[in-house]
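A note on names: the letters A, B, ... follow the listed sequences, proteins ahead of strands, and every chain is numbered from 1.
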Amino acid sequence: MNQVAVVGVGVSQFGNRADASLPELAFEATREALEDAGIWMPDIQASVIGNSNQFLAGASQPGAIIESYLGLTPKPSVTVSEACATGSAAMRVGWSLVQSGLHDAVLVCGAEKMLEIPTSTAVEYMALAGDPKRELSQTGISDAGIYAMFAKAHMSKYGTTESQLASVAVKNHKYAMLNPKAQYHKEITVEDVLKSRLVADPLKLLDCSPISDGAASVVMASEAKARKMTDTPIYIQGFGCGTDTAALQDRDDFTTIRAATEASRSAYGMARVTPADVDVACVHDCFTIAEIMAYEDLGFCKKGEGGKFAEEGQTHLGGKMPVNLDGGLKGKGHPLGATGVAMAVEIAKQLRGDAGARQVAGAEIGLTHNVARHGTHCLVFVYGRK
Amino acid sequence: MEARFPPHWRFTFPTKTSKFLDELRNNRLMGARCTKCGKLYCPPTADCSKCGCNELEWVNLSGRGRLLTYTVVRIPPVSLTKEAPYAVGIVQLEEGPNVMTRIVDTSFEDLSVGARVQAVFLEGFGGQPSYSFKLATH
């Protein structure tokens, strides 16, 4: 099978970007990705735009606005929307367009602008993920509330502690310090997390990723074209996409994301690797408990031992499995549609050896794990230098 | 529930499942069981996602169950600002299905995973009949 390579990556500054509109953010990330690839807009044959939430965008065709602003009309374009996994879902479409031979240079751009409206309104729009008629309008459950229920179940079944959850946020803030594009540049302690305001018991404000503006872009090319463009193509060796019920209540285990175990099984199989082969990973830490479940669902540690794995520092630089060295969603920010693409950007930099102070020495295999809401969808990608 | 959600966000029970709302008005919780594979749904569905059958039969449910997990929402969606904080949990009904529900008439400190709960019948969003649960007294 012909391989597909990432040949250019770019990411905007994440955070409160009152200075830039949605398409301007997309432009900022895309310009960087094209310069990185050594090409310009005319070389792009088609685009895949990721934007997760038309309510947040205040437009029902946000992709058209972005594609126009990037100067890509009248070329083919499609917009992908899959809640917080939008970016990775867009990557999957991009791979298909290139691998099929339809195009040999495709732009994948994920962008989200979330801070134009009050936080409580953004919380409500995000709560429309999943099956809101059955769950939101019946109970008033929020996204934090959903993950709080995962946390409560995990704590009850495995003895996971609030301090273990907090250690994930502490790590991700620590590494965000090394990422100039991150939303936060402030170290925090376990005590800071434990003392922060309760959002949905047992999750506190510092267990939650922030509301963010930002964009990320990658250029994908066919293997033949990639070899001509760069000495350091990063190949998509495998990926998987798993799904689970739209309504959380239709599940019977609240300590795991089944979509993630399915997606990782497919991704490892396609790439012919095992969890032990992975040198560096970006996982979906929308809430601290989500990163702990990710360790388990991806096979980085045994089921039920994710809390301990976090607390022991096994996912720090130099640990058994370095995770979210770009600061993760927690420290870097979580502009929904951009997140999955930004994970690909970080892994590409790590595998090229371009990650600076947060570089995992000699990283050969990288992984991304991107979850929509409470695991309605999960996409896992395995990247390699070959 | 005092939610100020737009009307079309309401959970609807069209023709095939409307009996569910009628029976909630009588303080009775009903489920729908697939006549082919036996899977039980609550709230009811018109079709069976498990086996593809579209013939389901009504079943009376006891309204008793136990709490699988729960939370207290303190920063709510904007339409529920006046109601917070409130408890939400997932209840496994005695007969099998799980339902996400408000946990009412209970102090937050008394909630625990595994606690026995029973259905109570309160008005939901938009004045529609609805179900909540509280800690069981039996």
I need the F5(B) CZ to S137(A) OG distance, nearest 0.5 Å. 6.5 Å
Looking only at heavy atoms, which two atoms of M149(A) and Y70(B) are closest? And how far apart? CG-C, 3.7 Å
Answer whether the closest heavy-atom distance between the side chains of V199(A) and R74(B) falls below 4.5 Å. no
So, S142(A) side chain and P77(B) main chain: donor-acceptor pair closer than 3.5 Å or not? no
Interface check, chain A: of Y41(B), Y86(B), F125(B), F108(B), most non-hydrogen pairs under 4.5 Å belong to Y86(B)
Is the shortest side-chain heavy-atom distance between K152(A) and V113(B) below 4.5 Å? yes
D252(A) atom CG, over 12 foreign heavy atoms within 6.0 Å: no
Heavy atoms from other residues, nucleotides or ligands near CD of E55(B) exceed 12 (cutoff 6.0 Å): no
Quick check: closest heavy atoms across K133(A) and F11(B), and the distance to 0.1 Å? O-CB, 2.8 Å
Could you go through the side-chain hydrogen bond (donor to acceptor under 3.5 Å, both in side chains) check for E124(A) and S79(B) one step at a time? CA-CA 8 Å; E124(A) 183 152 313; S79(B) 298; 2.7 Å; yes
One option among A153(A), G145(A), G140(A) has the most heavy-atom pairs under 4.5 Å with chain B, and it is G140(A)
Closest approach of I90(B) to L248(A) (non-hydrogen atoms, all atoms of both residues): CD1-CD2, 3.6 Å
R10(B) atom CZ, neighbour heavy-atom count above 12 within 6.0 Å: yes
Any side-chain heavy atom of P43(B) sitting closer than 4.5 Å to one from Q249(A)? yes
Options Q92(B), R102(B), E83(B), M100(B), ranked by heavy-atom pairs under 4.5 Å with chain A, top entry: M100(B)
Taken to the nearest 0.5 Å, the spacing of F150(A) CZ from T69(B) OG1 works out to 9.0 Å
Is L128(A) in contact with chain B via its backbone, its side chain, both, or neither, using a 4.5 Å heavy-atom distance? side chain
Side chain, backbone, both or neither: which part of A144(A) has a non-hydrogen atom closer than 4.5 Å to chain B? neither
V123(A), T139(A), L205(A), L198(A): which one forms the most heavy-atom pairs within less than 4.5 Å of chain B? T139(A)
Quick check on R197(A) against chain B: is it the side chain, the backbone, both or neither that has a heavy atom closer than 4.5 Å? side chain
Given that the side chain runs from C-beta out, which part of S156(A) has a heavy atom under 4.5 Å from chain B: side chain, backbone, both or neither? side chain
Please check this pair: side chain of D201(A) against backbone of V73(B), looking for a donor-acceptor N/O pair closer than 3.5 Å. no
Give the C-alpha distance, both sets of side-chain angles, the deciding distance and a yes or no for side-chain contact (heavy atoms from CB on, under 4.5 Å) between Q138(A) and Y131(B). CA-CA 9 Å; Q138(A) 289 290 103; Y131(B) 50 87; 3.4 Å; yes
Rounding to 0.5 Å, atoms CD1 (I75(B)) and OG1 (T119(A)) come to a distance of 9.0 Å
